[in-house]
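For reference, the structure is listed below as structure tokens.
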Amino acid sequence: MIIIVKHGANEERIQDLIHWIESQNLITHVSKGEFTTIVGVIGDTSKLDEDLIMGLDIVDSVKRVSEPFKSANRKFHPLDSIIDVSGVKVGGGNFAMIAGPCSVESHDQIISIAQDVKAAGANMLRGGAFKPRTSPYDFQGLKADGLELLLEAKKITGLPIVTEIMNANHLPLFENVDLIQVGARNMQNFELLKELGHTKKPILLKRGLANTIKELLMAAEYIMSGGNENIILCERGIRTFETATRNTLDLSAIPVLHELTHLPVVIDPSHATGVARYVKPMAVAAAAAGCDGLIIEVHNDPPHALCDGAQSLRPEQYEDVAKSVNKVRAALAE
Ligand code: PEP
Ligand code: MN
């Protein structure tokens with residue numbers, strides 16, 4: 001349920017209303033805009049008397065929210081959420097340019113790529129340390145050592161780091177990670193989501209390979225219901241019957257998500273296409289469709305990458321993508 005409070009309503013009376021709702025074992029979520037205050041109510045609201053609330057002179061209107069996602073719902077929070085990733089803002093007109101290798105492979109590899117992507121315009125560095133691989137015989141990542149190397153790259157470049165968590169038991173290792181990624185394969189690992197909900201860490205939540213937009217929002221809701229509202233959503237392509245690309249990039253997820261939720265939406269054209277030469281057109285299209293950022297795989301030696309070389313751009317190719325994306329964004333802003 002959402003309660004829209006009248007403009008200029010007395011703050012004490014608003015607090016009385018909130019306390020009264022919370023005394024009935026319901027959770028409130030207050031969103032204050034310039035002209036409107038919205039009190040979102042989460043829980044079994046069937047016991048709330050709508051007419052009684054409507055009768056209060058501070059209340060403008062009351063609406064039942066039928067969607068199962070509440071905290072993530074734009075009706076609860078009409079303005080875009082802006083997520084602060086160690087000083088880099090994402091959402092509400094602020095654009096994330098996340099770039100780096102699929103996996104951290106060595107000291108020289110990650111430092112060199114970090115410096116190159118920074119020079120090309122990236123504002124965050126990605127790199128997998130714990131890798132979810134289809135085959136147990138493939139490179140599984142440098143794990144804790146990989147995280148150390150990312151922290152070193154951060155120290156040298158100042159770029160916040162983005163890396164994937166696969167097991168909640170690893171959380172202590174992620175203390176200095178700026179943006180924790182939940183990969184596509186773990187989007188519905190509910191125990192992991194609940195644990196992340198108890199932290200205050202920004203989370204990059206990727207859409208599962210075969211999950212609907214609503215399921216993505218329910219996954220976000222798991223994290224938010226634990227108290228962590230710092231979530232950036234990521235569309236990275238879904239499984240379809242098409243085999244020409246690794247996945248099928250659902251670009252319409254951008255306007256759909258922007259309508260349904262206040263959370264920022266980042267696009268991953270690398271995993272979506274699986275082919276380096278398709279990354280630029282999809283990145284430019286995503287920027288034109290209004291996404292809040294891009295996460296792109298960049299490697300200094302793609303043919304020898306230990307993971308996802310075929311979809312990785314060389315630093316100079318990334319620079320070219322970044323320039324085109326900036327042009328599209330500038331044109332949209334005109
Ligand atoms: C990744 O970003 O390295 C990754 C494994 O992505 P996804 O979970 O989208 O497949
Ligand atoms: Mn990858």
Side-chain angles (χ1 to χ4, degrees), residues 85 96-105 109-110 113 117 122 124-136 138-143 146-147 149-150 160-167 170 174 177-189 192-193 196 202-213 215-216 219-220 231-240 245-251 253 265-276 278-279 282-283 286 291 293-314 318:
V85 183
M97 283 293 272
I98 308 169
C102 181
S103 322
V104 179
E105 298 172 7
Q109 178 243 22
I110 192 66
I113 297 173
V117 296
M124 283 188 233
L125 174 69
R126 65 150 288 150
F130 292 90
K131 294 301 305 173
R133 302 305 300 277
T134 300
S135 167
D138 285 341
F139 177 57
Q140 304 285 308
L142 295 181
K143 308 189 173 78
L147 293 178
L149 294 177
L150 280 169
I161 54 174
V162 185
T163 194
E164 177 167 356
I165 192 164
M166 295 207 292
N167 185 333
H170 294 157
F174 283 67
V177 170
D178 303 284
L179 178 57
I180 300 180
Q181 174 173 321
V182 174
R185 289 152 192 83
N186 273 312
M187 190 204 87
Q188 286 189 315
N189 180 341
L192 176 62
L193 301 178
L196 293 171
I203 308 294
L204 180 70
L205 179 63
K206 296 186 102 176
R207 178 178 179 182
L209 282 70
N211 285 112
T212 63
I213 287 174
E215 286 165 343
L216 172 63
I231 300 174
I232 300 169
L233 302 171
C234 178
E235 159 61 37
R236 43 78 72 208
I238 49 175
R239 274 263 164 102
T240 68
T245 47
R246 184 174 177 182
N247 292 287
T248 296
L249 180 57
D250 180 8
L251 275 180
V265 181
V266 159
I267 294 292
D268 176 347
S270 306
H271 291 90
T273 61
V275 180
Y278 301 154
V279 169
M282 290 298 96
C291 70
L294 291 161
I295 176 165
I296 294 178
E297 287 188 342
V298 179
H299 199 284
N300 51 353
D301 185 10
H304 295 104
L306 295 181
C307 183
D308 287 350
Q311 68 195 33
S312 299
L313 301 183
R314 294 175 192 279
Y318 179 68

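For ligands, and for the atoms within them, numbers begin at 1 and follow the listed sequence.
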Do Thr273 and Leu249 pass the side-chain contact (heavy atoms from CB on, under 4.5 Å) test, and can you show the C-alpha distance, the side-chain angles, and the key distance before you say yes or no? CA-CA 7 Å; Thr273 61; Leu249 180 57; 5.5 Å; no

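Annotation for Glu164 and Pro132: closest pair OE2-CG, 3.4 Å, computed over non-hydrogen atoms.
In this structure, the side chains of Pro269 and Leu294 come closer than 4.5 Å at one or more pairs of heavy atoms. Residues Ile295 and Cys234 meet the side-chain proximity criterion, which asks for heavy atoms closer than 4.5 Å.
Ion pair Asp308/Lys131 not flagged as a salt bridge, since none of the NZ, NE, NH1 or NH2 atoms sits closer than 4.0 Å to an Asp/Glu carboxylate oxygen.
Nearest protein heavy-atom contact of atom 5 (C) of ligand 1 is Glu164 OE1, 3.7 Å. Protein heavy atom at the shortest distance from atom 8 (O) of ligand 1 is Ala184 N, 2.7 Å. Regarding atom 4 (C) of ligand 1, its nearest protein heavy-atom neighbour is His271 NE2, 3.5 Å.
Using a 4.0 Å heavy-atom cutoff, Gln181 is listed among the residues neighbouring ligand 1.
Annotation for ligand 1: atoms under 4.0 Å from non-hydrogen atoms of Gly183 are 8 (O). Near Arg185, meaning under 4.0 Å from any of its heavy atoms, are these atoms of ligand 1: 7 (P), 8 (O), 10 (O). Within ligand 1, the atoms closer than 4.0 Å to a non-hydrogen atom of Arg236 are 7 (P), 9 (O), 10 (O), numbered from 1 in the order shown.
Nearest N, O or S atom of Asp308 to the Mn ion (ligand 2): atom OD2. In Glu297, the N, O or S atom that comes nearest to the Mn ion (ligand 2) is OE2.
Under 2.8 Å from the Mn ion (ligand 2) lies an N/O/S atom of His271, whether from backbone or side chain.
Qualifying side chain to side chain contact (heavy atoms under 4.5 Å, CB included) partners for Glu215, counting only residues two or more places apart in sequence or in other chains: Met187, Gln188, Asn211, Thr212.
Partner of Ile232 under the side chain to side chain contact (heavy atoms under 4.5 Å, CB included) criterion, out of Val85, Leu205, Val265: Val85 alone.
Where the criterion is an N or O separation shorter than 3.5 Å, residue side chain and backbone included, Lys206 meets it with respect to ligand 1.
With rounding to the nearest 0.5 angstrom, the CG atom of Asn247 is 9.0 Å from the NE2 atom of His271.
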